[in-house]
Amino acid sequence: VLAAGSGSPVDTTDMNSTPEEATKLETPAPESNDSGTVETPVETPVQAEKITSPTDCLKKWAESKPEAATCGEFYDAMDGEAYDEYNGNINYTDPYEIAESIYKAAPAPGTPESENDCGWLDAPRDSLMFDVGQGTGIMGKLLKAQNYTFIEGADASEEFCSVANERGHYNTPCRALYFGVGCENLPQEWAGKYDIIMGAGVFLKSHIPARSFDEFYWMLKTGGHFVCSMREQYNVNGDEHGYKDKIDAMVASGRFEMVKEWNFMRGIPDAADPMFAEMRSCMFMLRRLD
């Protein structure tokens, strides 16, 4: 007999047993070793199956949400190719908007392009860049296609770091680590190293916290740029996650200058689940001051 959907054989012995009787039947009796000590059998943990379809990625997100302390493990369960397809299906455009703001020049004021074009920085192609929460490496791919020569990254998911490293768009292996842990707990060679730091789709509940902005300031060179995006619902003073409050405080204290703000739409029109519905997102470009 096969278990539904699993293709695994099922033992039909004592199918009518009570749960207690079934447990007794399935539990091996303790065995004694040569010294007479009773040994209790140790069960091997069952490894969760990898999520390999975009539909199942969407289902996982709809049915459960990551916790801050185990966010990386949440994504470790997803196949990289399936996750990329899932992001395409839900019209997740943040990496494309951020990449465009970095590699394109600003459109002429008053032109139709100036209304919806994210071009701005036209950064030198030898800029030292860091991709915060790089995921499967979409941002690295987009920027390498524009002839940028140096990109590094880090992400809480070991699985996604492996995928990004295999794809070869980053100059050094992406590191599996969490942000928001304090500058002293990050690789010290990152201090004041980067011209541009970017983060797409990582500033939301149970992901990278607002206190990490101090770390990104620390990683930037003086005059370097931090480009990030988040859903509009998080860009509110007094929100429990504190992103806007933190940005405003760093601007007010003279650590960052707000260079540019954009709004763009992402998500699926008329989506049944509000989480995947079309919504307004915000993008910011900040410059480090000293």
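As the structure is a prediction and not an experimental result, all values here were calculated from the model.
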List for me each residue that meets side chain to side chain donor-acceptor pair (under 3.5 Å) alongside [X], sequence neighbours excluded, and say none if there are none.
X	answer
Tyr243	none
Asp76	Ser157
Lys260	none

Residues 220-227, side-chain donor-acceptor partners within the protein, below 3.5 Å, at least two apart:
| residue | atom | partner | partner atom | Å |
| --- | --- | --- | --- | --- |
| Lys221 | NZ | Asp195 | OD1 | 3.2 |
| Lys221 | NZ | Asp195 | OD2 | 3.4 |
| Thr222 | OG1 | Asp290 | OD2 | 2.2 |

Just do the side chain to side chain contact (heavy atoms under 4.5 Å, CB included) check on Glu159 and Lys50 with the steps written out, would you? CA-CA 11 Å; Glu159 171 68 17; Lys50 186 73 70 179; 3.4 Å; yes

Partners passing salt bridge (charged side-chain N to carboxylate O under 4.0 Å, His left out) against Asp248 (at least two apart in sequence or in another chain): Lys244

Ignoring hydrogens and angles, state whether a donor on the side chain of Thr136 or Asp84 is under 3.5 Å from an acceptor on the partner side chain. yes

Which salt bridge (charged side-chain N to carboxylate O under 4.0 Å, His left out) pairs, counting each pair once, include a residue from residues 201-213, with sequence neighbours left out?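 Sorted pair list comes back empty.
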
Show every salt bridge (charged side-chain N to carboxylate O under 4.0 Å, His left out) that has at least one partner inside residues 148-158, sequence neighbours left out.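 As it turns out, the salt bridge (charged side-chain N to carboxylate O under 4.0 Å, His left out) pairs with a partner in residues 148-158, which skip direct neighbours, are Glu152-Lys193.
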
From [X] [atom1] over to [Y] [atom2], what is the distance, rounded to the nearest 0.5 angstrom?
X	Y	atom1	atom2	result
Ile208	His241	CD1	NE2	13.5 Å
Ser212	Lys246	OG	NZ	9.0 Å
Lys141	Asp131	NZ	CG	14.0 Å
Asp94	Asn87	CG	CG	9.5 Å
Ile247	Phe256	CD1	CZ	8.5 Å
Cys228	Ile197	SG	CD1	11.0 Å

Return all side-chain donor-acceptor pairs below 3.5 angstrom for residues 265-286, not counting sequence neighbours, or 'none' if the list is empty.
| residue | atom | partner | partner atom | Å |
| --- | --- | --- | --- | --- |
| Asp273 | OD1 | Met275 | N | 2.9 |

Least distance between heavy atoms, [X] atom then [Y] atom:
X	Y	result
Cys183	Asp214	SG-O, 4.0 Å
Gly80	Phe160	CA-CE1, 4.5 Å
Gly254	Leu289	O-CB, 3.3 Å
Thr111	Pro107	OG1-CB, 4.2 Å

Tell me, do [X] and [Y] make a side-chain contact under 4.5 Å, heavy atoms counted?
X	Y	result
Met129	Leu143	yes
Leu142	Pro95	yes
Gln146	Arg125	yes

Please list, chain by chain and in numerical order, all residues satisfying side-chain contact (heavy atoms from CB on, under 4.5 Å) with [X], sequence neighbours excluded.
X	value
Lys144	Ile151, His169, Asn171
Ala164	Gln134, Tyr170, Cys174
Asp126	Pro124, Thr149

Are the aromatic ring centres of Phe213 and Phe203 under 6.0 angstrom apart?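 When the ring centroids of Phe213 and Phe203 are compared, they turn out to be within the sub-6.0 Å range.
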
If you count the non-hydrogen atoms of other residues, nucleotides and ligands that lie under 6.0 Å from OH in Tyr96, is the total more than 12?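 Result for OH/Tyr96: open.
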
Salt-bridge criterion met for Lys104 and Glu97 (N-O under 4.0 Å):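 The answer is no: the pair does not qualify as a salt bridge.
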
Run Phe150 and Ser127 through side chain to side chain contact (heavy atoms under 4.5 Å, CB included) and show every step you take. CA-CA 7 Å; Phe150 190 90; Ser127 299; over 6 Å; no

Quick check on ring pair (Phe, Tyr, Trp, His ring centres under 6.0 Å): which of Phe216, Trp218, Tyr148, Tyr194 does Phe130 satisfy it with?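 That would be Tyr194; it is the only one of Phe216, Trp218, Tyr148, Tyr194 passing the ring pair (Phe, Tyr, Trp, His ring centres under 6.0 Å) with Phe130.
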
Transitive ILVMFWY side-chain link [X] to [Y], under 4.5 Å:
X	Y	answer
Val202	Tyr83	no
Ile102	Val259	yes
Met198	Met250	no
Val163	Val132	no
Tyr92	Leu204	no

Donor-acceptor pairs are to be reported for all side-chain atoms of residues 54-72 against protein atoms at under 3.5 Å, with residues two or more places apart or in another chain.
| residue | atom | partner | partner atom | Å |
| --- | --- | --- | --- | --- |
| Asp56 | OD2 | Ser53 | OG | 3.2 |
| Ser64 | OG | Lys60 | O | 3.0 |
| Lys65 | NZ | Trp61 | O | 2.7 |

If we ignore hydrogens and angles and just use 3.5 Å, is the side chain of Glu215 paired with the main-chain N or O of Val181 as donor and acceptor?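 The answer is yes, because a donor-acceptor pair under 3.5 Å joins these two groups.
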
